[in-house]
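Here's the structure, in C-alpha cells; my notes come after.
Side-chain atoms are counted along with the backbone in the values below, which use heavy atoms only and exclude waters and symmetry mates.
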Amino acid sequence: MWIFPESEIFSMGLWSFSIGALGAAVAGIILANTDYFLAKTERATLEYLGDADLQTISEESRTFKAKELWERKGAVIMAVRRPGCFLCREEAAGLSSLKSELDQLEIPLYAVVKEKIGNEVEDFQPYFKGEIFLDDKKRFYGPQKRKMMFLGLIRLGVWQNFRRAWKAGFEGNLEGEGLILGGVFVIGSGNQGILLEHREKEFGDKANLTAVLEAAKKIKQSGSH
C-alpha cells in the first residue's frame with residue numbers, strides 16, 4: 001500500500017484543479033466564439049418601426065413618426081451603436097459609398113442614434129452622408145434590445161473587425177453607450193415592408209453592401225406600378 005505525504009497530495013490536487021480550470025477556460029473561449037451565447041434577435045415589424053418617435057438634431061428640434069422617412073420613397077437606415085465608435089464610423093463610411101447609387105434610385109440614406117452627447121453626432125457626420133435623427137426610445141434597436149458586454153473582448157471576430165477598421169485608418173473615442181447593438185434596415189415605400197434587416201451580432205459586424213444595394217433596388221417608388 002502506497003502512502004503519499006500530505007504535501008504531495010496537496011500538490012496533486014492543486015495541479016488537477018489548475019488543469020480543470022484551464023480546460024474550463026479554453027472551453028469557455030471556444031463557446032464564446034460560436035453563436036451560442038449571442039443575444040437572440042427578434043425581428044422588427046414595419047408597424048413597430050413606423051411608430052417610433054424620432055427627433056431632428058438641430059436647434060429647432062421637431063418630433064415625428066419614423067414612417068415619414070420611407071412612406072414616399074423608401075429608405076436605407078442605419079441604427080448606429082455609438083457615433084464615436086471607430087467600427088460604427090467604418091460602417092457609416094461604407095454605407096455612404098452607396099450614396100450616389102441610392103441617389104440615382106431616389107432612395108434616401110438616414111441614420112438614427114440613441115443619444116446625443118456633446119459633439120458626438122457632429123463628429124460622426126463626416127463619415128455619414130445622410131440625415132441623422134435621435135431615437136431616444138431605442139425603437140430601432142429593438143423590439144428586443146441586444147447587448148454585447150465582456151463577451152466581445154474574447155471573440156476572434158471582434159478583434160478581426162478592430163484590426164480591419166484600424167488598418168483602414170478609422171479612429172474613435174469611448175463616449176456614450178456602446179453595448180446595445182445596432183443594425184441596418186432597407187425599408188420599402190408605403191407598406192412594402194422591410195426588405196433587409198441586418199442586426200449587428202458582434203462589435204463591427206457590418207451589413208453586406210451588395211445586399212443593401214440589391215434590397216434598395218427592389219423598392220417601389222410611391223405612385224409607380
Taking all non-hydrogen atoms of both residues into account, name the closest pair between [X] and [Y] and its distance.
{"X": "Pro143", "Y": "Ala44", "answer": "CD-CA, 3.8 Å"}
{"X": "Phe140", "Y": "Ala52", "answer": "CE1-CB, 4.0 Å"}
{"X": "Ala66", "Y": "Leu49", "answer": "CB-O, 3.3 Å"}
{"X": "Ser189", "Y": "Ile219", "answer": "N-CG2, 3.9 Å"}

For the side chain of [X] and the backbone of [Y], is there at least one donor-acceptor N/O pair under 3.5 Å apart?
{"X": "Ser61", "Y": "Ile57", "result": "no"}
{"X": "Thr56", "Y": "Ser58", "result": "no"}
{"X": "Asn208", "Y": "Ala211", "result": "yes"}
{"X": "Glu175", "Y": "Pro83", "result": "no"}

Would you be so kind as to tabulate the donor-acceptor pairs closer than 3.5 Å made by side chains of residues 178-188, with sequence neighbours excluded?
none

Name all residues meeting the side-chain hydrogen bond (donor to acceptor under 3.5 Å, both in side chains) criterion together with [X]; count only those two or more places apart in sequence or in a different chain, and write none if there are none.
{"X": "Lys116", "answer": "Glu122"}
{"X": "Arg82", "answer": "Asn173"}
{"X": "Asp51", "answer": "Lys65"}

- Task: Look at atom CZ of Arg164 and say whether more than 12 heavy atoms of other residues, nucleotides or ligands are closer to it than 6.0 Å.
- Result: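 Buried by this count: over 12 neighbours within 6.0 Å.
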- Query: According to a 4.5 Å side-chain heavy-atom criterion applied to Ile, Leu, Val, Met, Phe, Trp and Tyr, with indirect links allowed, do Val80 and Ile117 form part of one hydrophobic cluster?
  - Reply: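 Hydrophobic grouping puts Val80 apart from Ile117.
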[X] side, atom [atom1]; [Y] side, atom [atom2] - distance, nearest 0.5 Å:
{"X": "Ile194", "Y": "Arg43", "atom1": "CD1", "atom2": "CZ", "value": "8.5 Å"}
{"X": "Glu200", "Y": "Arg146", "atom1": "CD", "atom2": "CZ", "value": "7.5 Å"}
{"X": "Leu209", "Y": "Leu98", "atom1": "CG", "atom2": "CG", "value": "5.0 Å"}
{"X": "Gln125", "Y": "Arg89", "atom1": "CD", "atom2": "CZ", "value": "12.0 Å"}

Would you call [X] and [Y] a salt bridge, using N to O less than 4.0 angstrom?
{"X": "Glu91", "Y": "Lys206", "answer": "no"}
{"X": "Glu115", "Y": "Arg81", "answer": "no"}
{"X": "Lys99", "Y": "Glu101", "answer": "no"}

- Task: Output every pair passing side chain to side chain donor-acceptor pair (under 3.5 Å) with a member in residues 131-142, not counting sequence neighbours, ordered by first then second residue.
- Result: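 Qualifying pairs, neighbours excluded: Gln55-Asp136.
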- Would you indicate whether the side-chain heavy atoms of Leu69 and Leu54 approach each other to under 4.5 Å?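 With C-beta onward as the side chain, the pair touches.
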- Message: For Phe203 together with Phe162, are the ring centres under 6.0 Å from each other?
- Response: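 Ring-ring flag for Phe162/Phe203: false, centres at least 6.0 Å apart.
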- Message: Considering only residues two or more places apart or on different chains, which pairs with a residue in residues 101-127 satisfy ring pair (Phe, Tyr, Trp, His ring centres under 6.0 Å)?
- Response: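 Residue pairs with at least one partner in residues 101-127: Tyr110-Phe133.
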